[in-house]
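Below is one structure, written out as structure tokens; comments come after it.
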Amino acid sequence: MIGFVVMISMVVADTQVSASAVNNYIASHNITNVSITKQIWGGFPKYKYRHGKGKPEGVVVHETGNSNSTIFDEIAYMKKNYRNAFVHTFIDDDHIINIANTDYLCWGVGYPGNARFVQFEQVQMHSKSSFAHEVENAAYYTAYILNKYNLKPNDAAYDGKGTVWSHNSVAKHLGGSDHTDPVGYYSRTSKKYFHHKYTMKQFYHLVLTNYHNLS
């Protein structure tokens, strides 16, 4: 019986470690966010959120789906194709570049999400360290936006009512899109470099850490 209890304890402990492998790596390596760079482009349209200028209701986390592009490639492409879609900010391991005024909506998830959320894209990373740095930057930026607009952290994945959203959650709960990012990117990249998948739930906990550090 004692051996069985010990075995169960070991399984639970291993599950806890694996569930937070990326976050643990970030903490143990003292990885911190980079500063936000503002490069607001005047060509983007300015439409108010559904409750007015400067009143977003949360943040949507995206990833580009392009394994070969850089953050500067993505920004250049978006400026040329903004009539189809654009987001407020791009993030990689070394940059948080805000290109559109977050007081106004962007076009990243369709109706009705566009009128509700600040949205950012993550560029795909190709190493253990760069992925960890990018995730930390993304969590910090999410927390920063929540703090800036006086929004309390709330994971929207469960019931579609919250302030932290993946594109996948928007598609599931609000419609307007069939995209599932960044779920696949997080899982695939983390499995490759950390041998365990990374989830939006784990990302949300990293957002909470950053949010509390801002308080």
Side-chain angles (χ1 to χ4, degrees), residues 32-64 71-72 74-123 134-156 160-171 173-174 176-177 179 181-182 200 203-204 206-215:
T32 58
N33 63 279
V34 298
S35 299
I36 298 170
T37 301
K38 289 189 177 294
Q39 296 182 2
I40 305 299
W41 184 58
F44 293 122
K46 293 182 178 179
Y47 295 103
K48 297 177 182 179
Y49 295 100
R50 66 173 181 165
H51 294 312
K53 176 185 174 182
K55 294 184 177 181
E57 300 166 50
V59 183
V60 177
V61 183
H62 295 267
E63 66 91 6
T64 63
I71 193 168
F72 303 107
E74 292 290 344
I75 290 172
Y77 179 84
M78 187 150 286
K79 287 179 179 178
K80 292 179 181 178
N81 296 275
Y82 73 89
R83 292 178 181 84
N84 296 321
F86 71 97
V87 295
H88 293 104
T89 300
F90 280 88
I91 294 173
D92 66 8
D93 56 334
D94 288 325
H95 307 87
I96 303 173
I97 304 177
N98 174 215
I99 61 172
N101 190 335
T102 56
D103 282 345
Y104 299 95
L105 62 81
C106 67
W107 300 337
V109 291
Y111 175 85
N114 286 343
R116 303 184 185 190
F117 307 121
V118 172
Q119 302 180 51
F120 70 85
E121 289 273 6
Q122 294 163 97
V123 180
E134 177 181 58
V135 168
E136 169 60 22
N137 287 339
Y140 166 76
Y141 184 71
T142 302
Y144 165 82
I145 292 297
L146 296 178
N147 184 68
K148 177 179 180 178
Y149 291 105
N150 297 311
L151 299 168
K152 294 182 179 180
N154 185 356
D155 189 350
K161 297 176 182 178
T163 55
V164 179
W165 297 70
S166 64
H167 195 166
N168 181 61
S169 288
V170 174
H173 295 291
L174 299 180
S177 172
H179 290 204
D181 56 298
M200 277 300 297
F203 175 77
Y204 176 72
L206 191 60
V207 171
L208 287 179
T209 298
N210 279 270
Y211 183 84
H212 293 316
N213 289 339
L214 288 172
S215 302

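Any value given below was found using the heavy atoms of this structure, including those in side chains, with hydrogens, waters and symmetry copies removed.
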Practice task
Please round to the nearest 0.5 Å and tell me the distance separating atom CZ of R116 and atom OH of Y111.
Solution key: 7.5 Å

Practice task
Answer yes or no: are there more than 12 heavy-atom neighbours, outside K55 itself, under 6.0 Å from its atom NZ?
Solution key: no

Exercise for the section: Please state whether the rings of H173 and W165 are parallel, tilted or perpendicular, taking 30° and 60° as the class boundaries. Expected result: perpendicular

Exercise for the section: Begin with the C-alpha distance, continue with both residues' side-chain angles, and end with the deciding distance and a verdict on side-chain contact (heavy atoms from CB on, under 4.5 Å) for E136 and L206. Expected result: CA-CA 7 Å; E136 169 60 22; L206 191 60; 3.7 Å; yes

Problem - Pairwise distance CD1(I99) to CD(Q39) - rounded to 0.5 angstrom - result: 9.0 Å

Practice task
Starting at CG of L146, measure out to CG of L214 and round the result to the nearest 0.5 Å.
Solution key: 9.5 Å

Handout entry: Check: I75 and W41 side chains under 4.5 Å, non-hydrogen atoms
Key = no

Exercise for the section: Grab the two heavy atoms, one from T89 and one from I91, that are nearest each other, plus how far apart they are. Expected result: CG2-CG1, 4.2 Å

Problem - Smallest separation among heavy atoms of E63 and E121, with atom names - result: C-OE1, 2.9 Å

Completion exercise
The reported gap from CG in N33 to OH in Y144 (rounded to nearest 0.5 angstrom) is 11.5 Å

Handout entry: Which atom of G58 lies closest to which atom of L151, heavy atoms considered
Key = N-CD1, 3.7 Å

Handout entry: Nearest atoms (heavy-atom pairs only) where S177 meets A171
Key = O-CB, 3.1 Å

Problem - Heavy-atom closest pair, residues L105 and K48 - result: CD2-O, 3.1 Å

Handout entry: N/O donor-acceptor pair under 3.5 Å between N147 side chain and A143 backbone
Key = no

Practice task
Show your reasoning for whether side-chain contact (heavy atoms from CB on, under 4.5 Å) applies to Y140 and N213.
Solution key: CA-CA 9 Å; Y140 166 76; N213 289 339; over 6 Å; no

Practice task
Before giving the answer on side-chain contact (heavy atoms from CB on, under 4.5 Å), spell out for M200 and N168 the whole-Å C-alpha distance, their side-chain angles and the decisive distance to 0.1 Å.
Solution key: CA-CA 10 Å; M200 277 300 297; N168 181 61; over 6 Å; no

Practice task
Side-chain contact test, heavy atoms from C-beta onward, threshold under 4.5 Å: evaluate it for H179 versus V109 and give yes or no.
Solution key: no

Practice task
Nearest 0.5 Å please: distance from the OH atom of Y211 over to the OG1 atom of T163.
Solution key: 8.5 Å

Handout entry: Test side-chain contact (heavy atoms from CB on, under 4.5 Å) applied to R50 and E57, step by step
Key = CA-CA 9 Å; R50 66 173 181 165; E57 300 166 50; 2.7 Å; yes

Handout entry: Flag if over 12 foreign heavy atoms under 6.0 Å of NZ, K148
Key = yes

Exercise for the section: Return the orientation label for the Y49 and H88 ring planes: parallel under 30°, perpendicular over 60°, tilted otherwise. Expected result: tilted

Practice task
Say whether, by atom type as modelled, one donor and one acceptor occur between the side chain of N101 and the main chain of K46 under 3.5 angstrom.
Solution key: no

Exercise for the section: Mark yes or no for whether N114, through its side chain, and G108, through its backbone, hold a donor-acceptor pair below 3.5 Å. Expected result: yes

Problem - Modelled atom types, side-chain donor and acceptor of N154 and Y204, under 3.5 Å - result: no

Exercise for the section: Taking the side chain as every heavy atom from C-beta outward, state whether Y104 and Y47 have any atom pair closer than 4.5 Å. Expected result: no

Handout entry: Gap separating the CZ atom of F90 from the OG1 atom of T64, nearest 0.5 angstrom
Key = 8.0 Å

Problem - Side chains of V87 and M78 in contact at under 4.5 Å (non-hydrogen atoms) - result: yes

Problem - Any side-chain heavy-atom pair of V61 and F120 under 4.5 Å - result: yes

Completion exercise
Smallest heavy-atom separation, N137 atom then D92 atom, equals ND2-O, 2.9 Å

Exercise for the section: Measure the shortest side-chain to side-chain distance between V59 and V164 over non-hydrogen atoms and say whether it is less than 4.5 angstrom. Expected result: no

Handout entry: Aromatic ring pairing H62/H167, orientation class (parallel under 30°, perpendicular over 60°, tilted between)
Key = perpendicular

